[in-house]
Amino acid sequence: MEPAKKVAGERKELFIDGQWVKPATGQYFTPINPATEEGITEVPLAGERETDLAVTAARRAFEEGPWSTIKPLERGKKIFRIAEVMEQQAEELSLIESLDTGKPLSFTRTRDVPFAIDLLRYYAGWANKVYGTTLPTDETALACTVREPVGVVAIITPWNSPLILSLMKIAPALAMGNTLIHKPASWTPLSALKFAEICQAAELPEGVYNVITGPGDTVGTRLVTHSDVNKVSFTGETVTGKVIMEKAAGTLKRVSLELGGKSPHIVFADGDLEAAATFAAKGFCLNQGQICWAGSRLFVDEKVHEQFLDKLLRHVREDWTVGDPMDANTRVGPLISRSHLQQVLGYIEDGKKEGAKLILGGDRPPMKKGYYLNPTVFDQVDNRMKIAREEIFGPVLAVIPFKEFGEVIEKANDSFYGLAAGIWTKDMKKGYQAARRLKAGSVWINCYGALDIMAPFGGFKQSGFGREFGQEVLPLFTETKTVWFQM
Ligand code: NAD
């Protein structure tokens with residue numbers, strides 16, 4: 001048996017109401033390993049009928065309990081148990097995630113899977129720590145609030161870090177007592193199906209977590225418009241977020257949206273240039289640049305521009321080796337698909353046509369198979385060029401020189417995105433003032449891409465709304481109910 005099939009199995013089924021269900025359509029699709037361009041396994045192509053079955057299962061599980069009604073401490077214990085089973089299957093899950101996405105195995109082993117386990121444990125601990133309040137009425141009444149689960153939640157996730165981005169939603173949603181239908185991206189459905197196996201092994205009650213694989217415009221649309229779904233928690237492109245918001249309006253669903261970015265990363269002349277160069281390289285190479293918070297617009301103070309670019313190019317060449325995701329030395333794997341690679345190559349052509357100066361990459365390494373692209377750097381980019389305005393979602397960096405503080409803040413904010421930003425300076429007053437003026441959900445001073453479960457993450461402007469991580473996501477998976485007792 002091929003190694004991919006060995007770990008992923010010959011054929012997967014849908015996970016509905018605790019059972020593995022064949023699609024009524026009888027149709028399957030084949031996710032492709034982006035490193036080998038070969039099919040990994042077969043995955044059901046669900047339609048509206050299967051989606052409805054999953055919604056019915058999640059609704060029944062929510063209304064009948066026990067998940068939504070048991071003591072929160074017991075819910076927490078079950079989520080701890082899921083984390084334990086995931087830990088036992090960590091190696092297999094790391095392999096699946098790497099085969100499905102092209103992420104280097106060294107990263108899925110040390111970052112994605114351990115972080116997913118941490119997410120489960122962190123939110124398991126929150127299950128019994130979300131309180132209501134007692135309201136200051138007069139003595140003729142007692143009024144209090146209780147925090148209840150929202151109900152049936154559709155979790156719709158993208159392909160770039162499928163496991164982590166899913167667990168960021170699933171763990172808090174489960175902890176608050178909701179029941180879920182998960183629709184993973186069609187390019188990367190395998191970690192969601194593996195997670196279903198883990199939930200089954202951990203004896204999560206039937207119908208609490210359901211997985212439907214299939215296209216966004218049928219399965220996704222059905223979830224977003226279904227009258228029995230109370231909330232949609234979505235991560236993906238800004239353009240899809242807008243469609244979802246519009247469609248969810250028909251049933252006034254709760255919606256939270258984690259969307260795209262074109263984040264500014266600013267290097268002032270007085271910053272630690274060596275450290276800044278390390279992080280600037282990471283900011284566009286990590287995960288092949290397929291990261292929502294990628295620091296894809298690099299603003300460099302003219303005074304240190306040349307010196308800084310020398311350091312940056314050295315770090316990209318030395319630290320970000322392109323290669324087979326299974327090779328321990330690889331830090332940049334293939335892009336997710338042929339069509340995405342073509343799209344990113346199209347942006348590289350746009351950059352050349354618009355007059356930006358290509359100083360690194362722009363071409364493909366000599367592998368026989370796989371959607372590989374060399375890290376690419378454009379210098380002398382104007383903030384109005386297409387490569388500075390649109391989210392490329394590949395290892396392509398736009399370097400934009402600047403002269404002054406006011407000018408760089410204005411240009412950094414001149415984007416319809418507002419997900420993240422970075423600043424390098426030794427002057428903390430300047431750093432703090434810049435952080436306060438930048439319109440972004442996360443601002444990193446003298447670091448880039450620092451993430452922690454406890455630190456809220458999300459977007460300003462068209463990068464979305466609602467926050468994930470930490471305590472801030474919990475109200476998004478609960479409703480507040482006020483209860484009055486008249487004495
Ligand atoms: P996408 O919007 O194409 O797809 C995301 C999910 O939505 C997939 O499961 C897809 O099948 C589904 N979908 C598509 N059309 C739909 C519809 N009409 N109704 C319901 N569901 C639908 O995004 P992608 O290409 O998978 O992911 C990349 C994008 O995600 C980038 O823009 C990236 O910045 C963003 N992202 C944001 C964050 C964040 O935290 N802000 C994190 C990761 C990725």
Side-chain angles (χ1 to χ4, degrees), residues 29 31 43 45-46 48 51 100-101 103 112 154-169 181-192 211-226 229 231-250 253 255-263 284 286-296 335-337 339-341 343-344 390-394 415-420 440-442 449 451 455-469 472-473 476:
F29 64 98
V43 171
L45 188 78
E48 294 185 352
T51 310
D100 212 14
T101 61
K103 277 169 178 280
D112 297 61
I155 306 267
I156 304 182
T157 50
W159 49 261
N160 59 317
S161 272
L163 181 69
I164 294 180
L165 294 168
S166 303
L167 267 293
M168 280 163 69
K169 300 171 184 303
I181 303 119
H182 183 189
K183 195 210 93 59
S186 297
W187 281 341
T188 57
L190 299 182
S191 56
V211 184
I212 293 289
T213 50
D217 52 8
T218 51
V219 170
T221 299
R222 186 67 180 166
L223 286 170
V224 171
T225 52
H226 202 297
V229 173
K231 178 185 165 92
V232 177
S233 178
F234 171 79
T235 298
E237 287 187 55
T238 293
V239 63
T240 317
K242 289 179 188 179
V243 171
I244 286 181
M245 205 168 151
E246 224 177 292
K247 291 195 172 155
K253 278 184 187 40
V255 175
S256 37
L257 302 174
E258 291 288 339
L259 309 176
K262 190 75 191 178
S263 299
F284 83 102
L286 186 68
N287 208 32
Q288 299 71 253
Q290 304 167 137
I291 286 197
C292 54
W293 51 259
S296 49
L335 300 194
I336 189 70
S337 69
S339 61
H340 187 57
L341 171 67
Q343 200 173 319
V344 175
E390 296 185 12
E391 185 183 43
I392 298 176
F393 227 54
S415 166
F416 65 81
Y417 292 115
L419 192 59
S442 294
L451 297 170
F457 184 84
F460 279 30
K461 299 195 273 182
Q462 294 190 32
S463 289
F465 47 77
R467 289 292 178 270
E468 295 195 320
F469 287 147
E472 287 218 18
V473 72
L476 303 180

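For clarity, every value in this text was computed on a predicted model and none was experimentally measured. Counting starts at 1 for both ligands and their atoms, following the listed order.
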* Minimum-distance pair of heavy atoms, taken over all atoms of Leu259 and Gly241 -> CD2-CA, 3.9 Å
How close does the nearest protein non-hydrogen atom get to [atom], and which residue and atom is it?
{"atom": "atom 25 (O) of ligand 1", "result": "Trp159 NE1, 2.8 Å"}
{"atom": "atom 12 (C) of ligand 1", "result": "Ile156 CG2, 3.7 Å"}
{"atom": "atom 15 (N) of ligand 1", "result": "Thr240 CG2, 3.4 Å"}
{"atom": "atom 36 (N) of ligand 1", "result": "Cys292 CB, 3.6 Å"}
{"atom": "atom 27 (O) of ligand 1", "result": "Pro158 CB, 3.1 Å"}
{"atom": "atom 22 (C) of ligand 1", "result": "Gly216 CA, 3.6 Å"}
{"atom": "atom 11 (O) of ligand 1", "result": "Lys183 NZ, 2.8 Å"}
{"atom": "atom 44 (C) of ligand 1", "result": "Asn160 OD1, 3.4 Å"}

Calculate, to the nearest 0.5 Å, the distance between atoms [atom1] and [atom2] belonging to [X] and [Y] respectively.
{"X": "Ile156", "Y": "Ile212", "atom1": "CD1", "atom2": "CD1", "value": "11.5 Å"}
{"X": "Ser233", "Y": "Lys253", "atom1": "OG", "atom2": "NZ", "value": "13.5 Å"}
{"X": "Ser463", "Y": "Leu257", "atom1": "OG", "atom2": "CG", "value": "11.0 Å"}
{"X": "Ile155", "Y": "Lys231", "atom1": "CD1", "atom2": "NZ", "value": "8.5 Å"}

* Judged by non-hydrogen atoms, does Phe234 sit under 4.0 Å from ligand 1? ->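 Checking ligand 1 against Phe234, which is what was asked, there is a heavy-atom contact under 4.0 Å.
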* For Trp293, is the nearest heavy atom under 4.0 Å from an atom of ligand 1? ->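 Judged by the 4.0 Å heavy-atom criterion, Trp293 does not count as contacting ligand 1.
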Please state which option from [options] has its nearest heavy atom closest to [atom].
{"atom": "atom 6 (C) of ligand 1", "options": "Thr157, Val232, Val239", "answer": "Thr157"}
{"atom": "atom 41 (N) of ligand 1", "options": "Thr221, Leu259, Asn287", "answer": "Leu259"}
{"atom": "atom 40 (O) of ligand 1", "options": "Gln290, Glu258, Lys247", "answer": "Glu258"}
{"atom": "atom 20 (C) of ligand 1", "options": "Gly441, Ser186, Gly220, Gly261", "answer": "Gly220"}
{"atom": "atom 29 (C) of ligand 1", "options": "Ser337, Ala185, Gly236", "answer": "Gly236"}
{"atom": "atom 23 (O) of ligand 1", "options": "Glu237, Glu391, Met168", "answer": "Glu237"}

If you define the side chain from C-beta out and look only at heavy atoms, does anything of [X] sit under 4.5 Å from [Y]?
{"X": "Pro184", "Y": "Ser166", "value": "no"}
{"X": "Thr188", "Y": "Pro158", "value": "no"}
{"X": "Trp293", "Y": "Phe457", "value": "yes"}
{"X": "Lys169", "Y": "Thr235", "value": "yes"}
{"X": "Pro162", "Y": "Thr101", "value": "yes"}
{"X": "Glu258", "Y": "Phe234", "value": "no"}

Check [X] against ligand 1 and report side chain, backbone, both or neither, counting heavy atoms closer than 4.0 Å.
{"X": "Glu468", "result": "neither"}
{"X": "Thr238", "result": "neither"}
{"X": "Ile244", "result": "side chain"}
{"X": "Phe393", "result": "side chain"}
{"X": "Thr235", "result": "both"}

Proximal atoms of ligand 1 relative to [X] (non-hydrogen, under 4.0 Å):
{"X": "Phe457", "result": "40 (O)"}
{"X": "Pro184", "result": "9 (O)"}
{"X": "Leu165", "result": "42 (C), 43 (C)"}
{"X": "Leu419", "result": "41 (N)"}
{"X": "Gly260", "result": "32 (O), 34 (O)"}

* Asked: Is there a nitrogen or oxygen of Pro215 sitting under 3.5 Å from a nitrogen or oxygen of ligand 1?
  ->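 Pro215 vs ligand 1: no N/O contact under 3.5 Å.
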* ligand 1 to Asp217 polar contact by distance, N or O atoms, under 3.5 Å ->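 N/O-N/O distance under 3.5 Å: no.
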* To do: Check step by step if side chain to side chain contact (heavy atoms under 4.5 Å, CB included) holds for Gln462 and Phe416.
  => CA-CA 6 Å; Gln462 294 190 32; Phe416 65 81; 3.4 Å; yes
* Asked: Short check: is a protein heavy atom less than 4.0 Å from atom 2 (O) of ligand 1?
  ->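 When distances to the protein are checked, atom 2 (O) of ligand 1 has a heavy atom within 4.0 Å.
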* Taking Lys183 for the side chain and Ala154 for the main chain, is one N or O donor matched with an acceptor at less than 3.5 Å? -> no
* So, Arg467 side chain and Gly459 main chain: donor-acceptor pair closer than 3.5 Å or not? ->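 Here the side-chain-to-backbone pair exists.
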* Given Asn287 and Ser161, is the side chain to side chain contact (heavy atoms under 4.5 Å, CB included) satisfied, shown in steps? -> CA-CA 8 Å; Asn287 208 32; Ser161 272; 3.8 Å; yes
* Short N-O contact, Lys262 and Glu390, less than 4.0 angstrom -> no
* **Trp159/Phe393 aromatic ring centres below 6.0 Å** => yes
